[in-house]
Enquirer: 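Got a structure for you, questions after.
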Amino acid sequence: MRFLQIFQQLLDHYGAQHWWPGDTPFEVMVGAVLTQNTAWTNVERAIENLKKNKALDPEVILDTGSKELAEWLKPSGYFNVKAERLKHFCQWYVGRGGLNGLKGWHLHDLRADILGVKGIGPETADDILLYALDHPVFVIDAYTRRLFSRLGLVKGDEGYEQLRFKFEAELERDVALFNEYHALIVIHAKDTCRKRVPRCEACCLEDGCRFSKTKD
DNA sequence: ACCCAGGGTCATA
DNA sequence: TATGACCATGGG
């Protein structure tokens, strides 16, 4: 019940976020790879570069030299690593038959399959599954771990899967709910950061500290 | 001049 | 299994 209440508080305060930013499922997937440990504003520039070069397309990415691709990805950081990761992902994407080929999979099988791609870890996989392919997985990121650990609802040092199972057990298995919840957690974290709250941790959802109030 | 960002891989013990 | 090094740009 507590997990749902927190969702309601966040939703009431921030409103629906309608995530993920991106015009197409493929753009969402590319964004998921590029945003690894990276500020979203930097990712936007890289995606703009891809669009400018008509390269926001798996076939084009595969036909582009790593050097040139890395150049386009430069603003998103880790550009050499990400160029390879994007190529690995596109190879998988095309190999599975693109968006159409990815329909009709069982979530468990698809998740295991995509985790086999070099450079796609659990969070990136779940971003893709939830925000591009509409599968009900709860995305766990550093913000989620930090916030709920601070709220005393999780220990904080659990493994990724353990945390994911916890959230998925506490909530109704619903794509729209998981989609909005993770988005709100990220927005909340950015909001508290913007207010210069140290490490985004001094704002909590407890009584007397209602989102905008800073403790300490 | 730091610190951090919507992680993941690889080498080591 | 569990740390640590590494990847790298841009904003606060």
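The sequence lines fix the lettering, A, B, ..., with proteins before strands; numbering per chain opens at 1. As the structure is a computational prediction, the values presented were derived from the model and not from experiment.
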Enquirer: Taking NZ from Lys82(A) and P from dG7(B), how many angstroms apart are they, rounded to a whole number?
Expert: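 Taking atom P of dG7(B) as the reference, NZ of Lys82(A) is at 9 Å.
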Enquirer: For Gln36(A) and dC6(C), what is the distance between atoms CD and C1' respectively, to the nearest whole Å?
Expert: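 Value for this atom pair: 14 Å.
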Enquirer: Applying ring pair (Phe, Tyr, Trp, His ring centres under 6.0 Å) to Phe3(A) and Tyr181(A), what does each step give before you reach the verdict?
Expert: CA-CA 10 Å; Phe3(A) 283 73; Tyr181(A) 206 153; 7.6 Å; no
Enquirer: For dA8(C) and dA1(B), measure between their P atoms and round to the nearest Å.
Expert: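 After rounding to an integer number of Å, I get 23 Å for this pair.
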Enquirer: So Ile120(A), base contact, sugar-phosphate only, or nothing? Heavy-atom distance under 4.0 Å.
Expert: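 Result for Ile120(A) = sugar-phosphate.
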Enquirer: Counting side-chain heavy atoms from CB outward, which of dA8(C), dA5(B), dG10(C) is closest to Phe79(A)?
Expert: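 In terms of side-chain proximity for Phe79(A), the closest of dA8(C), dA5(B), dG10(C) is dA8(C).
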Enquirer: Tyr78(A) OH to dC4(B) C1': how many Å, rounded?
Expert: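 Value for this atom pair: 10 Å.
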Enquirer: Starting from P on dG7(B), measure out to CE on Met29(A) and report it in whole angstrom.
Expert: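 After rounding, the reported distance stands at 19 Å.
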Enquirer: NA contact type, Ser76(A), heavy-atom cut-off 4.0 Å: base, sugar-phosphate, or nothing?
Expert: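 Nothing, no nucleic acid heavy atom in range.
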Enquirer: How is Val81(A) classified with respect to the nucleic acid when contacts are heavy atoms under 4.0 Å: base, sugar-phosphate, or nothing?
Expert: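 If one applies the 4.0 Å heavy-atom cut-off, Val81(A) turns out to touch the sugar-phosphate alone, with no base involved.
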Enquirer: Given the rule in the side-chain contact (heavy atoms from CB on, under 4.5 Å) test, do Val33(A) and Met29(A) qualify, once you have shown the distances and angles that lead to the verdict?
Expert: CA-CA 7 Å; Val33(A) 173; Met29(A) 300 184 205; over 6 Å; no
Enquirer: Is there a Watson-Crick or G-U wobble partner for dC4(B) with both distances under 3.5 Å, and which nucleotide is it?
Expert: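 Looking at the geometry, dC4(B) pairs with dG10(C).
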Enquirer: What I want to find out is whether Lys87(A) reaches Glu84(A) closely enough, with some N-O distance under 4.0 Å, to be called a salt bridge.
Expert: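 No salt bridge links Lys87(A) with Glu84(A).
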Enquirer: Can you tell me how far P of dC3(B) sits from CG of Asn37(A), to the nearest Å?
Expert: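 The answer, rounded to whole Å, is 15 Å.
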Enquirer: Reckon Thr38(A) has a side-chain N or O less than 4.0 Å from the OP1 or OP2 of dG10(C)?
Expert: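 Looking at the OP1 and OP2 atoms of dG10(C), neither is under 4.0 Å from any side-chain N or O of Thr38(A).
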Enquirer: Base, sugar-phosphate or nothing for Asn80(A)? Non-hydrogen atoms, less than 4.0 Å.
Expert: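 Sugar-phosphate: the residue Asn80(A), judged by heavy atoms under 4.0 Å, touches backbone atoms but no base.
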Enquirer: Any idea which of dG7(B), dA8(C), dG11(C) is nearest the Glu123(A) side chain?
Expert: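 For the Glu123(A) side chain, the nearest candidate turns out to be dG7(B).
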Enquirer: To the nearest angstrom, how far is Asp141(A) atom CG from dC4(B) atom C1'?
Expert: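 The answer, rounded to whole Å, is 14 Å.
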Enquirer: Can you check the Asp157(A) CG to dA2(C) P distance for me, whole Å?
Expert: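 After rounding, the reported distance stands at 9 Å.
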Enquirer: Given atom CG of Asn49(A) and atom P of dG10(C), what is their separation to the nearest angstrom?
Expert: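 That distance rounds to 10 Å.
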Enquirer: Looking at dA5(B), I'd like to know if its phosphate oxygens (OP1 or OP2) sit under 4.0 Å from a side-chain N or O belonging to Arg146(A).
Expert: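 Indeed, a polar side-chain atom of Arg146(A) lies that close.
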Enquirer: For the residue pair Ala125(A) and Ile114(A), what are the closest heavy atoms and their distance?
Expert: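 It is CB-CG2, 3.8 Å.
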Enquirer: Using a cut-off of less than 4.0 Å, is there contact between a side-chain N or O of Arg45(A) and OP1 or OP2 of dG11(C)?
Expert: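 True: Arg45(A) side-chain N/O within range (under 4.0 Å) of dG11(C) OP1/OP2.
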Enquirer: Evaluate the side-chain proximity of Leu56(A) to Asp23(A): yes if any heavy-atom separation is below 4.5 Å, no if none is.
Expert: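 The answer is no; the side chains never approach within 4.5 Å.
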Enquirer: Using heavy atoms to find the nearest nucleotide of DNA chain B for His182(A) and Lys118(A) separately, return the residue whose nucleotide is more 5′.
Expert: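 So the residue in question is His182(A).
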Enquirer: Using the closest heavy atom to pick a nucleotide of DNA chain C for each, name whichever of Ala39(A) or Arg85(A) lands nearer the 5' end.
Expert: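 Mapping each residue to its closest nucleotide by heavy atoms, the 5'-most match is Arg85(A).
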Enquirer: Specify the residue among Pro21(A) and Leu115(A) whose closest nucleotide of DNA chain B lies further upstream toward the 5′ end.
Expert: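 By nearest-heavy-atom nucleotide position, the 5'-most residue is Pro21(A).
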Enquirer: Could you tell me if the side chain of Phe89(A) sits less than 4.5 Å from the side chain of Ile128(A), heavy atoms only?
Expert: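 Ile128(A) vs Phe89(A): side chains touch.
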